[in-house]
Amino acid sequence: MLISKENFNKQLDNKQVDLFTLKNSNGFTAQITNYGARIVSVLAKDSQGNFDDVVLGYNNIDDYVNSEQKYMGATVGRYANRIGGAQFSINNQTYKVASNKGYNHLHGGIVGFNAKVWDANQISETKVELFYLSVDGEEGYPGNLTTVITFEVSEENELKISYSATTDKATAINLTNHSYFNLLGEGKGSINDHIMQINADGITEVVAGSIPTGKTRPVANTAFDFNEPTVIGNRINDEDDQLKIGNGYDQNYVINGTGMRCAAIVTEPITGRTLEVITDEPGMQFYGGNFPDAKTLGKRGDVYKFRSAFCLETQHFPDSPNQPNFSSTILDPSETYKSTCIYKFGIITND
Ligand code: GAL
């Protein structure tokens, strides 16, 4: 079901909130709002040719602003995932960022990119471009950071997200998209019977608070090995300290290989829908939707329940600014940050 543009017609922070519809010639559709640079809906075909909305969310701007689920479909930044102790140093200068998860920093702080109204420009029927200037000191981060994101649908039923950013002072950056997927259709039950495949031989090991130790833990012979397609729910109650810390699946995978490559393929056997995640990022957080049953009702009036969605958030590793073993997430004024994530939708084929 398409969401009405009217439901997003509102002024927030002196800016106009809006809803943009991107559609290809097959009918594959994505709707994007500039409130948090969010994916509001994705209409994808099943193997019978029926379209359904496969991302959780709300059908109006007020629910996005007021929901206890702050990151539904949102762009997360400046730094997605955790920064341990809510501080880091660049060139011997320590920066304290907002601590919004115990003593730690999560998803950009108290008012992250998910809660900002971005400037927007719909370029064509298939492409929208969003801009946001995050000022020096916002949530404790150094530097004026200008971010540009494009969302584009292709004829191959891909939703491509391209990020770029520049700064006037060295800063930490790690952008991702926080869509909650359910290939049965949003609000249509648990994701535990979806089949997951993740091209990763390791996860970044964490301690309480999901803060990395700096080590990679091999997935072989654990509940985290999805190199072969495996039903998500099969091993979710295994005895494993990392599963306990995450309250289920909520780990950062070290994706095999480099460059643009397939990180994961999810298959839903009843509808036949598939989702492939392609990225140039080294990591991907697989979050199994371990949230309590939601209070704010979803787009079709459904209660979004525990484990009724999964997120596959392409990114650098958590807490990289404090982990010398991890690849750098510091952006220098002489550089341009770039990152790409493609969510490609399909149906099961027999070959
Ligand atoms: C995920 C994160 C989870 C949780 C969620 C938002 O990216 O890994 O631990 O914070 O976002 O509720």
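Quick caveat: nothing in here was measured; it's all calculated off a predicted structure. Counting convention: from 1, in listed order, for ligands and their atoms alike.
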Looking at ligand 1, does [X] have a heavy atom less than 4.0 Å from it?
X      : value
Lys70  : no
Arg82  : yes
Phe291 : no

Parallel, tilted or perpendicular: rings of Trp118 and Phe113 (30°, 60°): perpendicular

Parallel, tilted or perpendicular, as decided by the 30° and 60° cut-offs, for the rings of Phe286 and Tyr249: parallel

Derivation and outcome, ring-ring contact (aromatic ring centres under 6.0 Å, His included), residues Tyr287 and Tyr71: CA-CA 12 Å; Tyr287 175 51; Tyr71 308 108; 9.8 Å; no

Return the residue, atom name and 0.1 Å-rounded distance of the protein heavy atom closest to [atom].
atom                    : result
atom 11 (O) of ligand 1 : His178 NE2, 2.8 Å
atom 12 (O) of ligand 1 : Tyr180 OH, 3.8 Å
atom 3 (C) of ligand 1  : Asp250 OD2, 3.1 Å
atom 4 (C) of ligand 1  : Tyr287 CZ, 4.1 Å

Before signing off on this row, confirm whether [X] and ligand 1 have an N or O atom pair separated by under 3.5 Å.
X      : value
Glu313 : yes
His107 : yes
Gln285 : yes

Aromatic ring proximity Phe291/Tyr180, centre distance under 6.0 Å: yes

Aromatic ring proximity, centroids under 6.0 angstrom, Tyr79 and His105: no

Carboxylate-amine/guanidinium proximity below 4.0 Å for Arg217 and Glu205: yes

Under 3.5 Å: donor-acceptor pair, side chain of Arg273, backbone of Leu183: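 The answer is yes, because a donor-acceptor pair under 3.5 Å joins these two groups.
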
Leu106 and ligand 1 - part of the residue with a heavy-atom distance under 4.0 Å: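 Answer for Leu106: side chain.
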
Ligand-side contact atoms (ligand 1) for residue partner Tyr71, heavy atom cut-off under 4.0 Å: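 Close to Tyr71: 6 (C).
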
From Ile342 atom CD1 to Leu159 atom CG, the distance as rounded to the nearest 0.5 Å: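 Spacing of CD1 (Ile342) from CG (Leu159) equals 9.5 Å.
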
